[in-house]
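The structure appears right after this line, and notes come after that.
Heavy atoms only: backbone and side chains are in, while hydrogens, waters and symmetry mates are out. For ligands, and for the atoms within them, numbers begin at 1 and follow the listed sequence.
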Amino acid sequence: MEKSALQIARAAYQPKLPKALLGPVVAKEGKPTQSVGDQEEIKALFPNTYGMPVIEFEAGEQKKLEPFNVGIILSGGQAPGGHNVISGLFDGVKSLNPANKLYGFILGPGGLVDHKYMEITPELMDEYRNTGGFDIIGSGRTKLEEVDQFEKGIQILRELGIKALVIIGGDDSNTNACVLAEYYAAKQYGVQVIGCPKTIDGDLKNEQIETSFGFDTACKTYSELIGNIQRDCNSARKYWHFIKLMGRSASHIALECALQCQPNICLISEEVEAKNMSLDDVVTYIAKAVAARAEEGNNFGTVLIPEGLIEFIPAIKKLIAQLNDILATPEAQNLGRSEQIDFVKTHISKENLDVFNSLPTSVARQLALDRDPHGNVQVSLIETEKLLSAMVAVKLEQWKKEGKYVGKFGTQHHFFGYEGRCAAPSNYDADYCYSLGYNASRLIANGKTGYMSVIRNTTAPAAEWIAGGVPITMMMNMEKRNGKMKPVIRKALVELDGAPFKFFASKRAEWAKQTAYVYPGPIQYWGPTEVCDQPTKTLQLEHQ
Ligand code: FBP
C-alpha cells in the first residue's frame with residue numbers, strides 16, 4: 001500500500017498509556033452495581049452479568065495464564081481510532097504471552113455468524129497503526145440477537161481457540177455484546193465478551209464513560225471544514241450556509257462544533273423537544289436571525305443543524321413512534337415498499353396523518369420507510385439542511401410582502417458526516433483508543449465478561465488516566481424497539497442543564513448578531529500541547 005509522508009511519520013507514533021497499564025495489573029473491585037433504570041426487568045434478563053462491580057486497575061502481580069486467543073469485531077459506523085483499539089488490544093494480548101493470537105471477524109458481527117475471519121499478524125497490524133478507518137477487517141451493522149447466531153458464533157470461536165471476544169461499537173452494539181456475554185455465561189461456554197465505547201455521535205457516555213472514541217477527531221475535522229466555510233462566507237458575504245452535521249439522535253457533534261467555531265446559529269434537537277417547538281417555530285427562529293443580520297447589512301451567515309433534528313420535533317417524534325409500531329406488524333412487514341406507505345397512511349391517527357401530509361413527500365417517505373437493522377430512522381439520508389433553508393426562504397418572502405426588510409437570502413448546503421468518520425485519529429483519539437484496546441486485554445486476563453473497557457480522567461495527561469471496566473448491564477434500561485420492549489443501553493442526549501449547553505446558550509445571541517467566527521484549522525500532531533493534545537470543548541467544560 002502506497003503511503004503519504006504523514007502516514008509514514010504517523011505510523012511511528014507510540015500512543016500513550018495510563019501509568020497503571022504500563023506493567024502488570026490487579027483489578028480493584030467496587031460495590032455491586034444497579035442498572036440505570038428498570039432494575040427488576042434487567043436483573044431478570046441478565047442473571048449472570050447483572051450487579052457486577054465497577055473495576056479499576058492498579059499495579060500488581062498478573063496471574064500466570066496459559067496462551068489464549070482473542071477475537072475482535074468492529075460494529076456499526078466507522079469512527080477515528082478503531083485501528084488503534086485493535087493495535088492496543090494486539091499489543092496487550094501479546095504482552096501477556098507472545099504466542100497469543102488475535103483474530104478479526106470480517107465486516108462486522110456478520111463475520112462471526114458466517115465464520116469469516118482473518119488472523120491479525122504483526123505485519124498487518126503495523127500497516128494500520130494510528131490510521132483512520134475500519135478497513136483492516138471492515139465493519140457492519142448485522143444485529144447479534146438470535147440464539148442461532150450465538151450458536152454459530154460459538155462454533156467458530158471454539159474452532160479458533162478464542163477465549164474472549166471484543167466488540168467495538170455504539171450503544172446498540174454494546175447492548176448486543178452484553179446479551180451475547182449473558183448467553184455464553186448462562187451456557188457456561190467459557191467465552192468472555194468485552195465491549196468498547198465507539199461512535200462519533202458522542203452519545204455513548206455516562207458517569208463511567210467520559211466519551212465515545214472518534215467524537216474528538218470527527219468534531220475537530222468538521223470544525224476545520226466549518227471554519228473554512230466561515231472564512232469563505234465572511235470573504236464573499238453573500239451566502240447563508242446551512243450545514244447538517246452527523247450524529248443520529250443526540251446533538252453533541254453540532255454543539256461541540258458550535259463551541260469550536262462560533263457560528264451564527266446552531267440548533268440543538270434536545271432543546272427543540274424540550275421547548276415543544278414545531279417545524280414552523282424552528283424556521284421562524286432562523287428567519288428572525290437572518291432578518292436581524294440583514295438589517296446590519298450582513299446578508300450571510302452559518303447555520304449548524306444536527307442530523308437528528310427532525311426526530312426531536314415533538315409532533316414528528318409522535319408520528320415516528322406510531323410509524324415504528326405499524327411498520328413492525330406482520331401485516332406491514334409482508335408488503336412492498338410503496339404499499340407500506342398506503343398501509344401506514346390508513347393506520348395512523350388523524351393527528352399524525354395531518355403531520356405526515358404536511359411534510360414534503362421525500363421527507364415523509366424517508367420517515368415511513370428505510371430503517372437500519374436496529375430500527376432507527378436513517379436520518380443521514382434526510383436533507384434537513386435543504387428543507388429548512390427552503391422553508392426559511394418562504395417565510396422571508398412572506399415577511400417581505402408584509403413590508404419587513406429581510407435583505408438578500410442566497411444559500412449553500414452542506415452535509416458533514418462521512419468526511420470525518422475515517423479521519424486519521426487526533427493524538428487524543430490515538431492515545432484513548434490504544435488505551436481502550438490495551439485495557440480490554442487486561443479485562444480478559446482478569447476473567448471479566450459483560451464489561452465495557454473504560455478509560456477515565458482523560459482531560460488530564462495520559463499518564464494520569466484511570467483504566468478499568470464497567471458492567472454493561474449498569475448502563476441499561478428498557479425501551480421500545482421495533483414495536484417491542486427491549487433492554488438497551490441508555491443513550492446520552494445533550495443535557496440542557498449541563499455546562500457545554502449552558503455556555504453555548506450564554507453566547508449564542510452574541511454569535512447570531514455579530515460575526516464572531518473562529519477558524520480552528522486542521523488537526524495537528526506535533527507541536528505545543530495546547531495545539532496538539534486538547535480534548536474537546538465539551539469534555540473540558542464538563543470537567544472544569
Ligand atoms: P454508530 O452509532 O454505529 O457509530 O454510527 C453513527 C453514524 O455515524 C451516525 O452518525 C449516522 O447517522 C449513521 O452512522 C450513518 O449510518 P451509515 O454508516 O449506515 O450510513
Q.
Below 30° counts as parallel, above 60° as perpendicular, anything between as tilted: where do the rings of Phe416 and His414 land?
A.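 Taking His414 first and then Phe416, their aromatic rings sit tilted (interplane angle of 30° to 60°).
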Q: Please work out whether the ring planes of Phe242 and Trp240 are parallel, tilted or perpendicular, with thresholds of 30° and 60°.
A: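 Phe242 and Trp240: tilted rings.
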Q. Quick one: does NZ or CZ of Lys16 land under 6.0 Å from the six-membered ring centre of Tyr434, within 45 degrees of the ring axis?
A.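 Relative to the ring axis of Tyr434, which defines the angle, Lys16 lies outside at least one limit.
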Answer yes or no for [X]: is there a heavy-atom contact with ligand 1 below 4.0 Å?
X      : answer
Arg141 : yes
Ala79  : no
Gly170 : no

**Q.** side chain to side chain donor-acceptor pair (under 3.5 Å) partner of Tyr428, chosen from Thr536, Asp216, Thr458
**A.**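 In the set Thr536, Asp216, Thr458, the residue that makes a side chain to side chain donor-acceptor pair (under 3.5 Å) with Tyr428 is Thr458.
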(Q) Is it the case that ligand 1 has an N or O less than 3.5 angstrom from some N or O of Met246? (A)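 No, there is no polar N/O contact under 3.5 Å.
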Q. Counting both backbone and side chain atoms, is some N or O of Arg421 under 3.5 Å from an N or O of ligand 1?
A.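 It does: an N or O of Arg421 is found under 3.5 Å from an N or O of ligand 1.
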Q.
Counting the benzene-type ring for Trp, do Phe150 and Tyr183 have ring centres under 6.0 Å apart?
A.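 Ring centres of Tyr183 and Phe150 closer than 6.0 Å.
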With a cut-off of 4.0 Å, which atoms of ligand 1 are near a heavy atom of [X]?
X      : answer
Glu307 : 9 (C), 10 (O), 11 (C), 12 (O)
Gly247 : 10 (O)
Lys198 : 1 (P), 3 (O), 4 (O)
Gly76  : 3 (O)
Thr199 : 1 (P), 2 (O), 4 (O)

Q. What closest approach, in Å, do Glu307 and Thr384 show between heavy atoms, and which atom pair accounts for it?
A.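 Glu307 and Thr384 have their closest heavy atoms at O-OG1, 4.3 Å.
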Q: Given side-chain contact (heavy atoms from CB on, under 4.5 Å), test Asp203 with Ser212 step by step and report yes or no.
A: CA-CA 7 Å; Asp203 56 8; Ser212 52; 5.6 Å; no
Q: Select one of side chain, backbone, both or neither to describe which atoms of Tyr418 lie under 4.0 Å from any atom of ligand 1, heavy atoms only.
A: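 Only the side chain of Tyr418 comes within reach of ligand 1.
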Q: Take atom NZ of Lys486 as the centre, draw a 6.0 Å sphere, and report whether it contains more than 12 heavy atoms from other residues, nucleotides or ligands.
A: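 Check passes, neighbour count above 12.
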